[in-house]
Protein chains: 2
Amino acid sequence: MLTIGKLGAQAGVKVPTIRYYEQIGLLPEAGRSAGNQRLYGRKALERLAFIRHARDLGFTLEAIRDLLSLSDNPEQPCVAADAIARAQLAEVERRLARLTALKAELERMVVQCAGGKIADCRVIEVLGDHSLCSTDHRHPESEAGP
Amino acid sequence: MLTIGKLGAQAGVKVPTIRYYEQIGLLPEAGRSAGNQRLYGRKALERLAFIRHARDLGFTLEAIRDLLSLSDNPEQPCVAADAIARAQLAEVERRLARLTALKAELERMVVQCAGGKIADCRVIEVLGDHSLCSTDHRHPESEAGP
DNA sequence: CCTTGAAGCTATAGTTGCTAGAGACATTAG
DNA sequence: CTAATGTCTCTAGCAACTATAGCTTCAAGG
Ligand SMILES: [Zn+2]
Ligand SMILES: [Zn+2]
Ligand SMILES: [Zn+2]
Ligand SMILES: [Zn+2]
(Lines give C-alpha, C1' and ligand atoms only; values in the text may rest on other atoms or scores of the structure.)
(Ligands and ions follow the chains in the order given, each with its own letter.)
Protein backbone atom coordinates (compact mmCIF):
# COMPACT_ATOMS: atom_id res chain seq x y z
CA MET A 1 0.00 0.00 0.00
CA LEU A 2 1.18 3.47 -0.96
CA THR A 3 0.59 6.80 0.67
CA ILE A 4 -0.39 9.64 -1.62
CA GLY A 5 3.15 10.97 -1.68
CA LYS A 6 4.65 7.63 -2.73
CA LEU A 7 1.95 7.18 -5.33
CA GLY A 8 2.67 10.60 -6.76
CA ALA A 9 6.38 9.91 -6.87
CA GLN A 10 5.85 6.58 -8.65
CA ALA A 11 3.49 8.02 -11.23
CA GLY A 12 5.18 11.37 -11.66
CA VAL A 13 2.13 13.29 -10.47
CA LYS A 14 2.05 15.92 -7.75
CA VAL A 15 0.10 15.20 -4.60
CA PRO A 16 -2.51 17.96 -4.98
CA THR A 17 -3.13 16.78 -8.52
CA ILE A 18 -4.03 13.33 -7.27
CA ARG A 19 -6.49 14.81 -4.80
CA TYR A 20 -7.87 16.93 -7.59
CA TYR A 21 -8.39 13.89 -9.80
CA GLU A 22 -10.22 12.20 -6.98
CA GLN A 23 -12.34 15.28 -6.42
CA ILE A 24 -13.51 15.40 -10.01
CA GLY A 25 -14.15 11.67 -10.04
CA LEU A 26 -11.34 10.55 -12.32
CA LEU A 27 -9.89 8.46 -9.54
CA PRO A 28 -12.19 6.57 -7.18
CA GLU A 29 -12.21 7.60 -3.55
CA ALA A 30 -9.18 6.04 -1.96
CA GLY A 31 -9.32 3.85 1.11
CA ARG A 32 -8.07 5.44 4.29
CA SER A 33 -5.64 4.48 7.02
CA ALA A 34 -6.55 4.53 10.70
CA GLY A 35 -5.34 8.13 10.76
CA ASN A 36 -7.51 9.11 7.77
CA GLN A 37 -4.72 9.16 5.22
CA ARG A 38 -5.32 7.90 1.70
CA LEU A 39 -3.88 4.52 0.81
CA TYR A 40 -3.45 3.19 -2.70
CA GLY A 41 -2.79 -0.18 -4.27
CA ARG A 42 -1.44 -1.34 -7.59
CA LYS A 43 -4.68 -0.70 -9.43
CA ALA A 44 -4.72 2.94 -8.42
CA LEU A 45 -1.15 3.31 -9.58
CA GLU A 46 -2.02 1.87 -12.97
CA ARG A 47 -5.01 4.12 -13.33
CA LEU A 48 -3.02 7.17 -12.39
CA ALA A 49 -0.23 6.24 -14.79
CA PHE A 50 -2.83 5.89 -17.53
CA ILE A 51 -4.19 9.34 -16.79
CA ARG A 52 -0.74 10.83 -16.66
CA HIS A 53 0.29 9.28 -19.93
CA ALA A 54 -2.87 10.36 -21.68
CA ARG A 55 -2.36 13.90 -20.37
CA ASP A 56 1.19 13.82 -21.67
CA LEU A 57 -0.26 12.95 -25.06
CA GLY A 58 -2.53 15.96 -24.84
CA PHE A 59 -5.88 14.32 -24.14
CA THR A 60 -8.30 16.41 -22.11
CA LEU A 61 -9.57 15.14 -18.80
CA GLU A 62 -12.97 14.69 -20.40
CA ALA A 63 -11.49 12.46 -23.11
CA ILE A 64 -9.56 10.57 -20.45
CA ARG A 65 -12.71 10.06 -18.44
CA ASP A 66 -14.27 8.42 -21.49
CA LEU A 67 -11.18 6.36 -22.22
CA LEU A 68 -11.08 5.11 -18.65
CA SER A 69 -14.69 4.08 -18.64
CA LEU A 70 -14.14 2.29 -21.93
CA SER A 71 -11.12 0.48 -20.57
CA ASP A 72 -13.27 -0.69 -17.68
CA ASN A 73 -15.34 -2.71 -20.19
CA PRO A 74 -12.76 -4.93 -21.88
CA GLU A 75 -15.32 -6.95 -23.83
CA GLN A 76 -16.75 -3.97 -25.68
CA PRO A 77 -15.50 -3.10 -29.16
CA CYS A 78 -12.81 -0.47 -29.25
CA VAL A 79 -14.14 1.80 -31.98
CA ALA A 80 -15.06 4.51 -29.50
CA ALA A 81 -11.57 4.55 -28.02
CA ASP A 82 -10.03 4.69 -31.45
CA ALA A 83 -12.31 7.56 -32.40
CA ILE A 84 -11.15 9.54 -29.37
CA ALA A 85 -7.54 8.93 -30.31
CA ARG A 86 -8.17 9.92 -33.90
CA ALA A 87 -9.91 13.10 -32.79
CA GLN A 88 -6.91 13.91 -30.64
CA LEU A 89 -4.62 13.29 -33.57
CA ALA A 90 -6.68 15.62 -35.71
CA GLU A 91 -6.52 18.26 -33.00
CA VAL A 92 -2.75 17.91 -32.77
CA GLU A 93 -2.48 18.23 -36.53
CA ARG A 94 -4.54 21.40 -36.48
CA ARG A 95 -2.34 22.93 -33.81
CA LEU A 96 0.74 21.86 -35.67
CA ALA A 97 -0.42 23.61 -38.82
CA ARG A 98 -1.18 26.74 -36.90
CA LEU A 99 2.07 26.77 -35.00
CA THR A 100 3.99 26.26 -38.20
CA ALA A 101 2.41 29.38 -39.63
CA LEU A 102 3.10 31.29 -36.43
CA LYS A 103 6.72 30.24 -36.50
CA ALA A 104 7.08 31.51 -40.07
CA GLU A 105 5.58 34.89 -39.17
CA LEU A 106 7.65 35.30 -36.03
CA GLU A 107 10.83 34.42 -37.90
CA ARG A 108 10.04 36.96 -40.60
CA MET A 109 9.43 39.60 -37.96
CA VAL A 110 12.65 39.13 -36.05
CA VAL A 111 14.75 38.70 -39.18
CA GLN A 112 13.39 41.82 -40.86
CA CYS A 113 13.99 44.10 -37.92
CA ALA A 114 17.12 46.18 -38.36
CA GLY A 115 17.26 47.00 -34.66
CA GLY A 116 16.87 50.76 -34.53
CA LYS A 117 14.23 52.79 -32.76
CA ILE A 118 10.78 51.50 -31.85
CA ALA A 119 9.36 53.83 -34.48
CA ASP A 120 11.14 51.79 -37.15
CA CYS A 121 10.85 48.37 -35.52
CA ARG A 122 9.55 45.75 -37.87
CA VAL A 123 8.21 43.68 -34.97
CA ILE A 124 5.99 46.49 -33.76
CA GLU A 125 5.03 47.36 -37.30
CA VAL A 126 3.92 43.85 -38.23
CA LEU A 127 2.05 43.39 -34.98
CA GLY A 128 0.02 46.45 -35.87
CA ASP A 129 -0.84 45.27 -39.36
CA HIS A 130 -1.69 41.74 -40.33
CA SER A 131 -1.54 42.61 -44.02
CA LEU A 132 2.24 42.65 -43.61
CA CYS A 133 2.08 38.95 -42.79
CA SER A 134 2.93 36.34 -45.37
CA THR A 135 0.35 33.76 -44.25
CA ASP A 136 -3.13 33.79 -42.86
CA HIS A 137 -2.28 32.49 -39.44
CA ARG A 138 -5.36 33.75 -37.70
CA HIS A 139 -6.89 31.71 -34.97
CA PRO A 140 -9.31 29.54 -36.96
CA GLU A 141 -10.71 27.97 -33.81
CA SER A 142 -9.70 25.98 -30.79
CA GLU A 143 -6.71 26.65 -28.70
CA ALA A 144 -4.89 25.68 -25.57
CA GLY A 145 -3.55 22.43 -24.42
CA PRO A 146 -0.17 20.74 -24.75
CA MET B 1 -16.87 57.36 -33.15
CA LEU B 2 -17.63 53.70 -32.73
CA THR B 3 -19.77 51.91 -30.20
CA ILE B 4 -18.28 48.86 -28.56
CA GLY B 5 -20.17 46.56 -30.91
CA LYS B 6 -18.90 48.28 -34.05
CA LEU B 7 -15.39 48.35 -32.65
CA GLY B 8 -15.53 44.64 -31.94
CA ALA B 9 -16.84 43.90 -35.41
CA GLN B 10 -14.07 45.97 -37.02
CA ALA B 11 -11.30 44.38 -35.00
CA GLY B 12 -12.71 40.86 -34.88
CA VAL B 13 -12.98 40.87 -31.09
CA LYS B 14 -16.05 40.00 -29.06
CA VAL B 15 -17.68 42.71 -27.01
CA PRO B 16 -17.08 41.14 -23.59
CA THR B 17 -13.45 40.66 -24.51
CA ILE B 18 -13.06 44.37 -25.13
CA ARG B 19 -14.56 45.15 -21.76
CA TYR B 20 -12.22 42.58 -20.24
CA TYR B 21 -9.20 44.23 -21.84
CA GLU B 22 -10.28 47.53 -20.42
CA GLN B 23 -10.80 46.00 -17.01
CA ILE B 24 -7.27 44.60 -16.86
CA GLY B 25 -5.83 47.86 -18.14
CA LEU B 26 -4.79 46.74 -21.60
CA LEU B 27 -7.10 49.28 -23.16
CA PRO B 28 -7.54 52.70 -21.57
CA GLU B 29 -10.93 53.55 -20.13
CA ALA B 30 -13.12 54.56 -23.03
CA GLY B 31 -14.97 57.83 -23.21
CA ARG B 32 -18.70 57.61 -22.65
CA SER B 33 -21.77 58.88 -24.44
CA ALA B 34 -24.48 60.87 -22.71
CA GLY B 35 -26.17 57.57 -21.93
CA ASN B 36 -23.00 56.04 -20.43
CA GLN B 37 -22.09 53.90 -23.40
CA ARG B 38 -18.45 53.47 -24.42
CA LEU B 39 -17.27 55.36 -27.50
CA TYR B 40 -14.08 54.66 -29.39
CA GLY B 41 -11.99 56.46 -31.98
CA ARG B 42 -9.40 55.39 -34.51
CA LYS B 43 -6.63 55.11 -31.95
CA ALA B 44 -8.59 52.61 -29.89
CA LEU B 45 -9.27 50.56 -33.00
CA GLU B 46 -5.57 50.46 -33.83
CA ARG B 47 -4.66 49.48 -30.32
CA LEU B 48 -7.26 46.73 -30.26
CA ALA B 49 -6.14 45.43 -33.66
CA PHE B 50 -2.59 45.33 -32.35
CA ILE B 51 -3.69 43.29 -29.35
CA ARG B 52 -5.76 40.98 -31.48
CA HIS B 53 -2.95 40.39 -33.93
CA ALA B 54 -0.44 39.72 -31.19
CA ARG B 55 -2.85 37.29 -29.57
CA ASP B 56 -3.28 35.55 -32.91
CA LEU B 57 0.48 35.15 -32.98
CA GLY B 58 0.36 33.55 -29.56
CA PHE B 59 1.74 36.33 -27.38
CA THR B 60 0.42 36.38 -23.83
CA LEU B 61 -1.43 39.39 -22.54
CA GLU B 62 1.54 40.14 -20.32
CA ALA B 63 3.86 40.21 -23.33
CA ILE B 64 1.36 42.36 -25.18
CA ARG B 65 1.19 44.76 -22.30
CA ASP B 66 4.95 45.20 -22.56
CA LEU B 67 4.86 45.52 -26.34
CA LEU B 68 2.18 48.17 -26.11
CA SER B 69 4.07 50.23 -23.59
CA LEU B 70 7.17 49.96 -25.76
CA SER B 71 5.27 51.09 -28.82
CA ASP B 72 4.14 54.11 -26.85
CA ASN B 73 7.77 55.27 -26.73
CA PRO B 74 8.78 55.43 -30.38
CA GLU B 75 12.18 57.00 -29.71
CA GLN B 76 13.43 54.18 -27.53
CA PRO B 77 15.57 51.42 -29.04
CA CYS B 78 13.66 48.32 -30.05
CA VAL B 79 15.84 45.62 -28.52
CA ALA B 80 13.30 44.89 -25.82
CA ALA B 81 10.52 44.39 -28.35
CA ASP B 82 12.70 42.14 -30.43
CA ALA B 83 13.59 40.10 -27.38
CA ILE B 84 9.92 39.53 -26.62
CA ALA B 85 9.35 38.38 -30.18
CA ARG B 86 12.34 36.07 -30.09
CA ALA B 87 11.16 34.58 -26.81
CA GLN B 88 7.78 33.94 -28.39
CA LEU B 89 9.47 32.31 -31.35
CA ALA B 90 11.43 30.07 -29.03
CA GLU B 91 8.24 29.13 -27.21
CA VAL B 92 6.53 28.29 -30.48
CA GLU B 93 9.48 26.16 -31.50
CA ARG B 94 9.33 24.24 -28.25
CA ARG B 95 5.64 23.55 -28.70
CA LEU B 96 6.19 22.55 -32.26
CA ALA B 97 8.78 19.99 -31.23
CA ARG B 98 6.49 18.56 -28.63
CA LEU B 99 3.47 18.42 -30.88
CA THR B 100 5.51 16.69 -33.55
CA ALA B 101 6.37 13.95 -31.09
CA LEU B 102 2.75 13.68 -29.96
CA LYS B 103 1.60 13.37 -33.53
CA ALA B 104 4.02 10.50 -34.15
CA GLU B 105 2.79 8.63 -31.06
CA LEU B 106 -0.86 9.17 -31.83
CA GLU B 107 -0.39 8.00 -35.38
CA ARG B 108 1.37 4.88 -34.19
CA MET B 109 -1.44 4.17 -31.78
CA VAL B 110 -4.27 4.46 -34.23
CA VAL B 111 -2.43 2.66 -37.00
CA GLN B 112 -1.48 -0.28 -34.83
CA CYS B 113 -4.95 -0.92 -33.52
CA ALA B 114 -6.62 -3.80 -35.30
CA GLY B 115 -10.04 -2.75 -34.10
CA GLY B 116 -11.23 -5.63 -31.98
CA LYS B 117 -12.25 -5.60 -28.33
CA ILE B 118 -11.09 -3.06 -25.80
CA ALA B 119 -9.04 -5.79 -24.16
CA ASP B 120 -6.90 -5.97 -27.30
CA CYS B 121 -7.02 -2.29 -28.27
CA ARG B 122 -3.63 -0.88 -28.99
CA VAL B 123 -4.78 2.61 -28.10
CA ILE B 124 -5.75 1.60 -24.59
CA GLU B 125 -2.66 -0.53 -24.26
CA VAL B 126 -0.23 2.23 -25.21
CA LEU B 127 -1.99 4.76 -23.03
CA GLY B 128 -1.38 2.46 -20.10
CA ASP B 129 2.31 1.99 -20.81
CA HIS B 130 4.66 4.69 -22.00
CA SER B 131 7.41 2.16 -22.65
CA LEU B 132 5.42 1.15 -25.73
CA CYS B 133 6.01 4.63 -27.12
CA SER B 134 8.67 5.27 -29.69
CA THR B 135 9.70 8.70 -28.46
CA ASP B 136 10.05 10.45 -25.15
CA HIS B 137 7.23 12.87 -25.64
CA ARG B 138 6.70 13.66 -22.00
CA HIS B 139 5.76 17.12 -21.00
CA PRO B 140 9.18 18.69 -20.47
CA GLU B 141 7.66 21.94 -19.23
CA SER B 142 5.37 24.68 -20.35
CA GLU B 143 2.11 24.16 -22.01
CA ALA B 144 -0.99 25.77 -23.29
CA GLY B 145 -1.50 28.54 -25.72
CA PRO B 146 -2.28 28.81 -29.43
C1' DC C 1 -45.01 60.08 -30.43
C1' DC C 2 -44.54 55.64 -28.96
C1' DT C 3 -43.30 51.08 -28.93
C1' DT C 4 -40.40 47.33 -29.71
C1' DG C 5 -36.20 44.96 -30.31
C1' DA C 6 -31.35 45.17 -30.54
C1' DA C 7 -27.40 46.69 -28.29
C1' DG C 8 -25.28 48.43 -24.17
C1' DC C 9 -24.45 48.56 -18.99
C1' DT C 10 -22.72 46.23 -14.35
C1' DA C 11 -21.62 42.44 -11.64
C1' DT C 12 -20.93 37.76 -10.84
C1' DA C 13 -19.75 33.09 -11.85
C1' DG C 14 -18.03 29.44 -14.88
C1' DT C 15 -14.45 27.28 -17.96
C1' DT C 16 -9.64 23.91 -17.87
C1' DG C 17 -6.18 21.76 -15.27
C1' DC C 18 -4.10 22.39 -12.07
C1' DT C 19 -1.10 25.04 -8.07
C1' DA C 20 -0.43 27.51 -3.67
C1' DG C 21 -1.53 28.65 0.89
C1' DA C 22 -3.42 28.25 5.80
C1' DG C 23 -3.91 25.77 9.85
C1' DA C 24 -4.62 21.26 11.96
C1' DC C 25 -3.55 16.25 12.50
C1' DA C 26 -0.44 11.83 11.53
C1' DT C 27 3.65 9.46 11.02
C1' DT C 28 8.42 8.49 11.41
C1' DA C 29 13.60 9.10 12.38
C1' DG C 30 16.77 9.92 15.73
C1' DC D 1 10.03 12.27 23.13
C1' DT D 2 10.60 15.59 20.07
C1' DA D 3 11.28 17.47 15.69
C1' DA D 4 10.70 17.12 10.96
C1' DT D 5 8.23 15.74 7.44
C1' DG D 6 3.83 14.20 5.38
C1' DT D 7 -1.06 14.47 5.04
C1' DC D 8 -5.66 16.38 5.91
C1' DT D 9 -9.47 19.93 4.45
C1' DC D 10 -10.70 24.14 2.53
C1' DT D 11 -10.19 28.17 0.01
C1' DA D 12 -8.35 31.03 -3.48
C1' DG D 13 -5.66 31.90 -7.59
C1' DC D 14 -3.53 31.43 -12.58
C1' DA D 15 -4.74 32.61 -18.10
C1' DA D 16 -7.86 34.49 -21.06
C1' DC D 17 -11.73 34.68 -21.73
C1' DT D 18 -17.19 33.33 -21.93
C1' DA D 19 -21.82 33.27 -20.15
C1' DT D 20 -25.58 34.70 -17.40
C1' DA D 21 -28.96 37.92 -15.12
C1' DG D 22 -31.26 41.95 -14.80
C1' DC D 23 -31.13 46.30 -15.91
C1' DT D 24 -30.87 50.94 -19.23
C1' DT D 25 -30.28 53.15 -23.70
C1' DC D 26 -30.68 53.66 -28.51
C1' DA D 27 -32.56 53.47 -33.33
C1' DA D 28 -36.14 52.49 -36.43
C1' DG D 29 -41.02 51.50 -37.77
C1' DG D 30 -45.86 52.38 -37.42
ZN1 LIG E 1 12.92 45.86 -33.71
ZN1 LIG F 1 -0.68 38.39 -39.21
ZN1 LIG G 1 -8.65 0.01 -30.74
ZN1 LIG H 1 4.38 7.65 -24.15
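Below, chain A is the first sequence line, B the second, and so on; all start at residue 1.
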Chemist: Does a salt bridge link A/Glu125 with A/Arg122, judged by any charged N lying under 4.0 Å from a carboxylate O?
Modeler: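 Yes, A/Glu125 and A/Arg122 are salt-bridged.
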Chemist: Which sits closer to the 5' end of DNA chain D, A/Ile4 or B/Pro16, going by the nucleotide each is nearest to?
Modeler: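 Residue closer to the 5' terminus by nearest nucleotide: A/Ile4.
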Chemist: For A/Arg19 and D/dC8, give me the distance from atom CZ to atom C1', rounded to whole Å.
Modeler: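 My rounded result for the distance is 7 Å.
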Chemist: Output, in order, the C-alpha distance, side-chain angles, deciding distance and verdict of side-chain contact (heavy atoms from CB on, under 4.5 Å) for B/Glu62 and B/Arg65.
Modeler: CA-CA 5 Å; B/Glu62 254 323 285; B/Arg65 195 187 294 276; 2.9 Å; yes
Chemist: Write down the distance between CD1 (B/Ile24) and P (D/dC17), rounded to a whole number of angstrom.
Modeler: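 The distance from CD1 of B/Ile24 to P of D/dC17 comes to 8 Å, rounded to the nearest Å.
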Chemist: Might you list the N or O atoms of the protein lying below 3.5 Å from N or O atoms in nucleotides 20-26 of chain D, with each pair's distance?
Modeler:
residue : atom : partner : partner atom : Å
D/dC26  : OP1  : B/Gly35 : N            : 3.2

Chemist: Taking CG from B/Leu48 and P from D/dA16, how many angstroms apart are they, rounded to a whole number?
Modeler: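 About 16 Å, once rounded to whole Å.
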Chemist: In whole angstroms, how far is the P atom of D/dG6 from the NZ atom of A/Lys6?
Modeler: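 Distance, rounded to whole Å: 8 Å.
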Chemist: OP1 or OP2 of D/dC17 versus the side-chain N and O atoms of B/Tyr21: is any pair under 4.0 Å?
Modeler: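 Indeed, a polar side-chain atom of B/Tyr21 lies that close.
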Chemist: Can a salt bridge be assigned to the pair A/Glu91 and A/Arg94 using a cut-off of 4.0 Å between side-chain N and carboxylate O?
Modeler: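 Here A/Glu91 pairs with A/Arg94 in a salt bridge, since their nearest N and O are under 4.0 Å apart.
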Chemist: Using the side-chain contact (heavy atoms from CB on, under 4.5 Å) definition, which of the options B/Leu67, B/Leu68, B/Ile84 pairs with A/Leu127?
Modeler: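 For A/Leu127, the side-chain contact (heavy atoms from CB on, under 4.5 Å) check succeeds only for B/Leu67.
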Chemist: Apply side-chain contact (heavy atoms from CB on, under 4.5 Å) to the pair A/Glu93 and B/Leu106, showing each step before the final yes or no.
Modeler: CA-CA 10 Å; A/Glu93 280 167 347; B/Leu106 289 164; over 6 Å; no
Chemist: Within a 6.0 Å radius of atom CZ on A/Arg32, are there more than 12 heavy atoms belonging to other residues, nucleotides or ligands?
Modeler: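 Atom CZ in A/Arg32 is packed in, count exceeds 12.
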Chemist: Which value, rounded to the nearest 0.5 Å, describes the distance between B/Asn36 atom CG and B/Arg38 atom CZ?
Modeler: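 The CG atom of B/Asn36 sits 8.0 Å away from the CZ atom of B/Arg38.
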Chemist: Establish, with yes or no, whether the OP1 or OP2 oxygen of D/dT7 is under 4.0 angstrom from a side-chain nitrogen or oxygen of A/Arg38.
Modeler: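 False: A/Arg38 side-chain N/O out of range (4.0 Å or more) of D/dT7 OP1/OP2.
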Chemist: Tell me the closest heavy-atom pair linking A/Arg108 and A/Leu132, and the distance in Å.
Modeler: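 Here A/Arg108 and A/Leu132 meet closest at NH2-O, 2.6 Å.
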Chemist: How close or far is atom P of D/dT11 from atom OH of A/Tyr20, stated in whole angstroms?
Modeler: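 In whole Å, D/dT11 P lies 17 Å from A/Tyr20 OH.
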Chemist: Taking all non-hydrogen atoms of both residues, which atom of A/Thr135 and which atom of A/Ala101 are closest, and how far apart?
Modeler: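 Heavy-atom minimum between the residues: OG1-CB, 4.0 Å.
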Chemist: In this structure, how many angstroms lie between the C1' atom of D/dA16 and the CG atom of B/Asp56, rounded?
Modeler: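 After rounding, the reported distance stands at 14 Å.
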Chemist: What is the first contacted nucleotide of DNA chain C and what is the last, in 5' to 3' order, if contact means an atom lying under 4.0 angstrom from a heavy atom of chain A?
Modeler: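 Contact span on the strand: C/dG17 to C/dT27.
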Chemist: Report the distance from atom CD1 of B/Ile64 to atom P of D/dC17, rounded to the nearest whole Å.
Modeler: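 Result: 8 Å.
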Chemist: For B/Thr60 and D/dA15, is the shortest distance between a side-chain N/O and OP1 or OP2 below 4.0 Å?
Modeler: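 So the side chain of B/Thr60 is outside the cut-off, no N or O lying under 4.0 Å from OP1 or OP2 of D/dA15.
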Chemist: To the nearest angstrom, how far is A/Leu2 atom CG from D/dG6 atom P?
Modeler: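 Taking CG of A/Leu2 and P of D/dG6, I get 15 Å after rounding.
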